[in-house]
Amino acid sequence: MSKLSISLALSVCLAAMITFAPSTTADSASHPHRTTVNTDTYGANDGGFSTNWYRLNHATTVTVTYSSVTNSHAIKKQLRLPKGTVLGAQRYHHGAAAQKLAYTNGYMTPNISYHLKSKLVNDHVYGFGAVSFKLSPKSVTQIVRPAYGLPYGSGTLYAGGLNSIKTLNRNVNAIKLTSDGYVETYRNQPEDYPSFWGTLESHYDSKPNNAQKINLSVKNGNTVELYYQHHLKGVHDTQVRKTGNTQYRLTIKNQHTPYQYTDSAYAGNKAVASIYAVGGVNYFTVIGSGWK
C-alpha cells in the first residue's frame with residue numbers, strides 16, 4: 001500500500017489528530033458543488049457532524065489518544081479535567097451509546113485545548129490528542145452552544161477555503177477553536193512516521209504554534225467576534241483596546257456555503273465542508289461525510 005493511500009485510509013480515524021494525506025496530482029480535483037445541511041441528523045441521513053455541548057459537573061477523567069512515533073500504534077492516556085470544563089459530544093450515537101449519555105469517540109467533535117492536554121505530550125507521541133468519553137447525565141450539564149463554537153465539525157478550520165477544497169490541498173495552515181474556549185493556530189509542518197503499513201504523514205505538531213484564551217465572544221447573525229488579550233500570530237486580528245484581557249478581536253464569518261466534494265479520506269468517498277472567513281481570509285471546515 002502506498003504512502004498516500006495509507007494516510008487517506010487512516011485520516012478518518014485520525015481526523016481529530018489533524019493527520020492528513022499530502023495533496024498530489026492524482027487528487028488534483030474534487031469537483032465541489034453546493035449542498036444543504038439537515039441540522040436534525042447525525043450520520044443516518046446526511047452525515048452532518050452535529051455537536052451537543054456540555055459542562056462538567058465535577059472533575060472528570062477522559063481518554064486522550066495519540067500515536068506512537070515508532071510505529072503509529074494508538075497510545076491512550078488518562079486526563080483529569082477540572083469541574084466546569086466545556087466539552088463537545090456527538091449529537092446522535094446510533095448504538096455507540098445511549099442518547100442520554102454525553103459521548104464521543106474523538107472523531108469530528110470539538111477537541112479540548114492544548115492548555116489542558118500539554119502534560120500528556122512528549123517526544124514519544126504525535127497527533128492532535130483525540131479526546132473520548134462516555135459520561136452520564138449526572139456528570140454533565142447540557143448547555144447551549146457557546147458563541148465561539150462552530151455548529152458542525154471538529155472546530156478546526158483549514159486555510160484556502162474553496163480553492164483548497166477544489167485541489168484537495170492538505171498542505172495548509174489551520175486554526176482550531178477548542179470546546180473549552182481557546183483559539184489555536186497550527187502551521188503546516190509535514191513529518192513522516194513509521195508504521196506497520198508503511199509511512200504515515202502528520203501535517204501539524206501536537207503543540208499549537210500560538211494560542212490565546214477567548215475571554216469574550218459575541219455572536220451577531222452569521223458573524224462571531226472573539227476577544228483575547230494578546231495578538232495571535234498567524235491570523236488577521238485587530239487591536240481594539242490597549243489594556244485588559246480583550247485587547248484583540250478576531251472576526252469569524254460563516255458564509256453559509258456548504259460544499260459537497262469527492263474525497264477518499266472520508267466515508268463514501270464524499271465530504272461536506274463549510275466556508276468561513278477568518279479575519280477576512282477564507283478557510284474551510286469539514287461538517288459531514290458520506291452524503292448521497
Side-chain angles (χ1 to χ4, degrees), residues 16-18 51-62 64 66 77 79-89 104 106 109-121 127-131 133 140-141 143-151 153-159 173-187 204-220 223-254 276-281 283 285:
M17 302 180 191
I18 322 186
T51 302
N52 280 340
W53 295 82
Y54 299 90
R55 180 178 287 110
L56 291 180
N57 293 336
H58 47 74
T60 303
T61 299
V62 298
V64 184
Y66 291 92
K77 301 188 176 189
L79 178 64
R80 192 75 169 170
L81 297 178
K83 176 182 177 181
T85 301
V86 174
L87 299 174
T104 181
T109 50
N111 207 317
I112 60 174
S113 64
Y114 180 81
H115 171 76
L116 291 174
K117 296 181 294 186
S118 60
K119 63 183 179 181
L120 303 180
V121 177
F128 209 22
V131 177
F133 53 81
V140 295
T141 297
I143 62 174
V144 175
R145 173 167 57 94
Y148 57 77
L150 301 184
S154 67
T156 305
L157 296 139
Y158 302 98
N173 296 335
I175 296 171
K176 185 161 77 77
L177 303 174
T178 73
S179 67
D180 56 314
Y182 280 75
V183 55
E184 302 173 340
T185 61
Y186 294 82
R187 287 197 301 269
Y204 309 96
D205 288 340
S206 299
K207 181 180 180 180
N209 296 101
N210 294 280
Q212 283 291 308
K213 186 182 187 313
I214 301 169
N215 294 310
L216 175 66
S217 54
V218 179
K219 189 176 186 303
N220 183 13
T223 299
V224 60
E225 295 176 336
L226 308 181
Y227 293 85
Y228 39 82
Q229 187 167 8
H230 303 290
H231 169 59
L232 184 66
K233 295 180 181 179
V235 301
H236 293 165
D237 55 16
T238 302
Q239 186 171 13
V240 294
R241 296 177 181 85
K242 293 186 177 180
T243 60
N245 64 1
T246 58
Q247 294 182 45
Y248 285 84
R249 179 181 66 211
L250 178 64
T251 301
I252 300 178
K253 183 177 181 180
N254 185 348
Y276 284 77
V278 181
V281 178
Y283 284 72
T285 187

Visitor: Between Y186 and F128, is the ring pair (Phe, Tyr, Trp, His ring centres under 6.0 Å) condition met? List the steps.
Guide: CA-CA 11 Å; Y186 294 82; F128 209 22; 5.3 Å; yes

Visitor: L116 and P82: which non-hydrogen atoms are nearest, and at how many Å?
Guide: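 That closest heavy-atom pairing would be CD2-CD, 4.2 Å.
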
Visitor: Are any side-chain N or O atoms of T251 and backbone N or O atoms of T223, one a donor and one an acceptor, separated by less than 3.5 Å?
Guide: no

Visitor: Side-chain contact test, heavy atoms from C-beta onward, threshold under 4.5 Å: evaluate it for V281 versus H236 and give yes or no.
Guide: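 Of all side-chain heavy-atom pairs linking H236 with V281, at least one is under 4.5 Å.
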
Visitor: About how many Å separate CG of N52 and CD1 of I143, when rounded to the nearest 0.5 Å?
Guide: 10.5 Å

Visitor: Are T61 and L81 close enough that some pair of their side-chain heavy atoms sits under 4.5 Å apart?
Guide: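 The answer is no; the side chains never approach within 4.5 Å.
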
Visitor: Is there a side-chain contact (heavy atoms from CB on, under 4.5 Å) between T156 and L150? Walk through the geometry before answering.
Guide: CA-CA 9 Å; T156 305; L150 301 184; over 6 Å; no

Visitor: How long is the straight-line distance from OG of S154 back to CG of L177, given to the nearest 0.5 Å?
Guide: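 So the CG of L177 and the OG of S154 are separated by 9.5 Å.
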
Visitor: State whether the side chain of K176 and the backbone N or O of P110 hold a donor-acceptor pair below 3.5 Å, judged by distance alone.
Guide: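 No; judged by distance alone, with no hydrogens or angles, the pair does not exist.
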
Visitor: Above 12 or not: heavy atoms from other molecules or residues under 6.0 Å from NZ of K253?
Guide: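 Not more than 12 within 6.0 Å, no.
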
Visitor: If you measure from CG on L232 to CD1 on I214, what distance do you get to the nearest 0.5 Å?
Guide: 9.5 Å

Visitor: State, without any angle test, whether N111 and K117 hold a side-chain donor-acceptor pair at a distance under 3.5 Å.
Guide: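 Yes.
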
Visitor: So, do V235 and I175 sit near enough that their side-chain heavy atoms are less than 4.5 Å apart?
Guide: yes

Visitor: Does some side-chain heavy atom of K213 sit less than 4.5 Å from a side-chain heavy atom of Q229?
Guide: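 Heavy-atom side-chain distance check fails, nothing below 4.5 Å.
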
Visitor: Measuring only between side-chain heavy atoms, which start at C-beta, is N215 closer than 4.5 Å to L226?
Guide: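 Of all side-chain heavy-atom pairs linking L226 with N215, none is under 4.5 Å.
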
Visitor: Please name the pair of heavy atoms, one in T51 and one in G88, separated by the smallest distance, quoted to 0.1 Å.
Guide: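 Distance-wise, the nearest heavy atoms are CG2-CA, 3.7 Å.
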
Visitor: Rounded at 0.5 Å granularity, tell me how far OG1 in T109 sits from CZ in F133.
Guide: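 If we round to the nearest 0.5 Å, T109:OG1 and F133:CZ are 6.5 Å apart.
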
Visitor: Name the orientation class of the two ring planes belonging to Y248 and H231 (parallel below 30°, tilted from 30 to 60°, perpendicular beyond 60°).
Guide: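 Tilted, since the angle between the ring planes falls between 30° and 60°.
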
Visitor: Work out which heavy atom in A159 is nearest to a heavy atom in Y283; give both atom names and the distance.
Guide: N-CD2, 3.3 Å

Visitor: Output yes when a side-chain donor or acceptor of E184 lies under 3.5 Å from a complementary backbone atom of Y114, and no otherwise.
Guide: yes

Visitor: From K219 NZ over to R145 CZ, what is the distance, rounded to the nearest 0.5 angstrom?
Guide: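 So the NZ of K219 and the CZ of R145 are separated by 6.0 Å.
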
Visitor: For R55, does the CZ atom sit with more than 12 other heavy atoms under 6.0 Å from it, leaving out its own atoms?
Guide: no

Visitor: Testing the basics here: between V240 and T246, what is the closest heavy-atom pair and its distance to 0.1 Å?
Guide: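 Residues V240 and T246, closest heavy atoms: CG2-O, 3.6 Å.
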
Visitor: So, S179 side chain and V86 main chain: donor-acceptor pair closer than 3.5 Å or not?
Guide: yes

Visitor: Identify the heavy atoms of A89 and Y54 that sit nearest to each other, and give their distance.
Guide: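 Closest approach of A89 to Y54, heavy atoms only: CB-CE1, 3.6 Å.
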
Visitor: Does the pair D180 and S113 meet the rule for a side-chain hydrogen bond (donor to acceptor under 3.5 Å, both in side chains), with working shown?
Guide: CA-CA 7 Å; D180 56 314; S113 64; 2.7 Å; yes

Visitor: Which residues satisfy the ring pair (Phe, Tyr, Trp, His ring centres under 6.0 Å) test with H58, sequence neighbours excluded?
Guide: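 Ring pair (Phe, Tyr, Trp, His ring centres under 6.0 Å) check on H58 returns nothing, list empty.
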
Visitor: Can you measure from OG1 (T60) to CZ (R80) and round to the nearest 0.5 angstrom?
Guide: 6.0 Å

Visitor: For H115, give me all partners under ring pair (Phe, Tyr, Trp, His ring centres under 6.0 Å), at least two apart in sequence or on another chain.
Guide: Y182

Visitor: Given V131 and V62, is the side-chain contact (heavy atoms from CB on, under 4.5 Å) satisfied, shown in steps?
Guide: CA-CA 7 Å; V131 177; V62 298; 3.9 Å; yes

Visitor: Do L79 and L120 have side-chain heavy atoms sitting under 4.5 Å apart?
Guide: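 Yes, close enough: below the 4.5 Å cut-off.
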
Visitor: Should L56 and V140 count as side-chain neighbours, where that means a heavy-atom distance under 4.5 Å?
Guide: yes

Visitor: Do you know the tightest heavy-atom contact between V224 and A147?
Guide: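 Looks like CG2-O, 3.3 Å.
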
Visitor: Report yes if some heavy atom in the side chain of V218 is under 4.5 Å from a heavy atom in the side chain of Y227; otherwise report no.
Guide: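 Yes - at least one pair of side-chain heavy atoms lies under 4.5 Å apart.
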
Visitor: Is there a side-chain hydrogen bond (donor to acceptor under 3.5 Å, both in side chains) between Y228 and D237 once you walk through the steps?
Guide: CA-CA 10 Å; Y228 39 82; D237 55 16; 2.8 Å; yes

